Protein chains: 2
Amino acid sequence: MRRMTARPANAHQARLLRLLRDGGPNSRAQLGDQVDLSRSKLAVEVDRLLETELVVADGLAASRGGRRSHNIRLNPHLRFLGVDIGATSVDVAVTNAELEILGHINQPMDVREGPVAVFEQVLSMATKLKASGLAEGFDGAGIGVPGPVRFPEGVPVAPPIMPGWDGFPVREALSQDLGCPVMVDNDVNLMAMGEQHAGVARTVHDFLVVKIGTGIGCGIVVGGEVYRGTTGSAGDIGHIQAVPDGRPCACGNRGCLEAHFSGAALAWDATEAAQQQLSAELAGRLEANGTLSAVDVAAAAAAGDATSLDLIREGGNRTGQVIAGLVSFFNPGLVVIGGGVTGLGHTLLAAIRTQVYRGSLPLATGNLPIVLGELGPTAGVIGGARLISDHLFSPA
Amino acid sequence: MRRMTARPANAHQARLLRLLRDGGPNSRAQLGDQVDLSRSKLAVEVDRLLETELVVADGLAASRGGRRSHNIRLNPHLRFLGVDIGATSVDVAVTNAELEILGHINQPMDVREGPVAVFEQVLSMATKLKASGLAEGFDGAGIGVPGPVRFPEGVPVAPPIMPGWDGFPVREALSQDLGCPVMVDNDVNLMAMGEQHAGVARTVHDFLVVKIGTGIGCGIVVGGEVYRGTTGSAGDIGHIQAVPDGRPCACGNRGCLEAHFSGAALAWDATEAAQQQLSAELAGRLEANGTLSAVDVAAAAAAGDATSLDLIREGGNRTGQVIAGLVSFFNPGLVVIGGGVTGLGHTLLAAIRTQVYRGSLPLATGNLPIVLGELGPTAGVIGGARLISDHLFSPA
DNA sequence: CTACTTTTTCCACTCACAGGACAAAGAGCG
DNA sequence: CGCTCTTTGTCCTGTGAGTGGAAAAAGTAG
């Protein structure tokens, strides 16, 4: 099938496309209620969108007491690709234009193998999705990488955990390979956009998303827009000092939050505890697998292992202290906790909440929900689809 | 004189007014170069502005090689009032429409006396400025108060250091008394706007302003706009924990930044040191005045007093650590240090810089200037004038 | 005084858009 | 089934914003 390359010609068309994306199929009359345009103007713009084939007619709507209205919807053949490159695995998903996931693959992988190897894998995963009949091609792709990105160019800059990616023209390269427009962003920002589009942050304009995975990062949304900072490194909270003169960190400092609590730190602590026979549960798992990860700690904690619960609580306290500072500073309307360690669930959340509610002033915490992300591993890929659709559904 | 009450009728007019405000008198042709409107359209809008008397003709411009252009400028009779209410003093200033200060008064005062007493004083200061012939009336006023403000309504909310102001309708009341439009904001946000308009932050879009006065606060500017947070308490960094299990703070916690370093804390520390005879310099000053303030510490430090220098350095270190965290999180393009203690100058700045450059990642600090504010005590009042002019110079 | 520039005004033309009139399509009711 | 009322979609005209060319006005440089 020929891919759609059309773009909305003006702000009205962009507005309509986004309404259809976020609200699904809709009647012309209902659209009219939402956009404050005269019926004539609306009809003209809708007709033009129909001509571009970005939207298609979709039968008749139910009557609202009079003549039935004609439904329209985004072209059901449109396909977006969401790619979430983590430190140790990749998620790739296909969505339709309404950003609903049609197919989703997750595979282990090590970013440190470098961009060429990783993109080979991403492309083969995309091909697999195509082969299963979910898509004949892609109209756009949004990619998340675990490090800072110079956003306009779509190029990673000085990423600590992925040397070899520095300056690699991700956007350019993938756009060539996939044959469609591509946007690149930090993985945490993608997660924030995902939760904003389809998760817990749908109604909030200013919020933070704290992602605790292999590292720790934070997505910042201001007035509904992702804030990326001057050099694209905003939200890099993993290296805020959480413990004075604490553990040495890979960054050269001591006491960084990430050195004390993150997927990696948790695994290290658990291994330590197992080897010192502090926890039979963890020791058994280490014996069985040869190695421990955050998932093991989560499982042990669920089984009631005291050592694991302590590790989680302590980590939650440290994280909560840092978040308390951010809440004082940023005064968000919502804080979302997500990432690989959400399996730690309520123990973690309780520890964080305690610290934040204690450490920030009532005015900032008074009406501040602190919740787990709703979308789990799909937040990133949905965010990717959202990123590229925001780009494509804006005036050319 | 009859006050101007007109407002720009559309975005073009607002744009032109702001250009005249920021760039001073300008010829019609030069304006045309900046606004991307057709000559005819520009002429129409300028004529309408002339009709409203918001702008006036101002003779002929120098020739650029052909016919000389007519200059226009903002009405020179326009007057804005900037009011900066601090914890222990008030600044009131009159500006023209180009936000140049025509007169400035500073008086000691205690906010805790409550809004009624304070506004009585503010009004008498404003009257004094009028009496000196600088203004016949005011076209707008911008007020800064040392605490969180619900911005749209212009009402302080739960301000810790100014009980009695909670919920007081500052905007409403002053608008009545002054007979002109009024906008109210946090004093730190005003300072940020001042430095943005006429100080060090003129060319930066994302920056932080840290004000160290009686307390400590931070102004946040995102994309050129002040960010106020969900409940108006964004930037309230005085109660971020800087020292684990540190000094008790008025807020009920321990180790708040403000408890360890601020005008008040510094005065307390200095008095302590003087009484314990750790510093002859400070003891002498205590003897002479009966009390010590941050100004005394600054003077003693300038005279080479080791104890005072240590106090400043230690405070700078604590503040720097907190700012380092904010820099990692926010990735600003500039950090401005200001407020009453800027007299501490380079000792303070050096300590802060050391901590930030050490405690944040290179990508965030690489090209990050950390500088003292340029405007000193006028930043707040200029910010106030800027606040109200932004409001008045926007489409009605 | 002449040739060339720049600024300003004037005017005709295009385009976006609103809103009314009217036709089409359906619901509800007797 | 016919009648009335409601909603939806189309057509058409009026209005106001805005553009761009032509020409007048006001200079400069020789």
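Remember, it's a predicted structure, so these values are computed and weren't measured experimentally. Every chain is numbered from 1 and lettered A, B, ... according to where its sequence line falls, protein lines coming before strand lines.
Taking atom CG of Asp47(A) as the reference point, atom P of dT8(D) lies 17 Å away to the nearest angstrom. Here the P atom of nucleotide dC10(C) and the CG atom of Leu42(B) are 15 Å apart, to the nearest Å. Rounded to whole Å, the distance from CZ on Arg48(A) to C1' on dC17(C) is 11 Å. Atom NZ in Lys41(B) sits roughly 17 Å away from atom C1' in dA12(C) (whole-Å rounding). The CD atom of Gln13(A) sits 11 Å away from the P atom of dA16(C) (whole-angstrom rounding). Computed from coordinates, the His70(A) NE2 to dA23(C) C1' distance equals 13 Å when rounded to whole Å.
For Tyr227(B), the ring-ring contact (aromatic ring centres under 6.0 Å, His included) test picks out Phe330(A), with sequence neighbours left out. His104(A) meets the side-chain hydrogen bond (donor to acceptor under 3.5 Å, both in side chains) test with Asp91(A); sequence neighbours excluded. Taking Arg48(B) as the reference, nothing meets the side-chain hydrogen bond (donor to acceptor under 3.5 Å, both in side chains) condition, with sequence neighbours excluded.
Under the 4.0 Å criterion applied to side-chain N and carboxylate O atoms, Asp47(B) and Arg28(B) are assigned as salt-bridge partners.
Interface residues of residues 17-24 of chain B facing DNA chain C, ordered by number: none; criterion, heavy-atom separation under 4.0 Å. Of all the residues in residues 28-40 of chain B, Ser38(B), Arg39(B), Ser40(B) reach under 4.0 Å from DNA chain D with at least one non-hydrogen atom.
Using a 4.5 Å heavy-atom cutoff, the side chains of Asn96(A) and Leu102(A) are in contact. Under the 4.5 Å side-chain criterion, counting only non-hydrogen atoms from C-beta, Arg228(A) is not in contact with Asn186(A).
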Atom pairs, protein N/O to nucleotides 24-30 of chain D N/O, distance under 3.5 Å:
| residue | atom | partner | partner atom | Å |
| --- | --- | --- | --- | --- |
| dA25(D) | N3 | Arg67(B) | NH1 | 3.1 |
| dA26(D) | O4' | Arg67(B) | NE | 3.4 |

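A donor-acceptor pair is defined here as one N or O able to donate and one able to accept, closer than 3.5 Å; such a pair exists between the side chain of Arg18(A) and the backbone of Asp390(A).
Nearest approach of Leu387(A) to Met193(A), heavy atoms of both residues: CA-CE, 3.9 Å. Residue Leu134(B) comes nearest to Gly103(B) through the heavy atom pair CD1-CA, 3.6 Å, listed as atom of the first residue, atom of the second, then distance.
Distances shown here put every side-chain N or O of His12(A) at or beyond 4.0 Å from the OP1 or OP2 atom of dA16(C).
His77(B) and Asn75(B) form a side-chain donor-acceptor contact under 3.5 Å, judged by distance and modelled atom types alone.
To the nearest 0.5 Å, the span separating CG on Leu17(A) from CD on Glu45(A) amounts to 10.5 Å.
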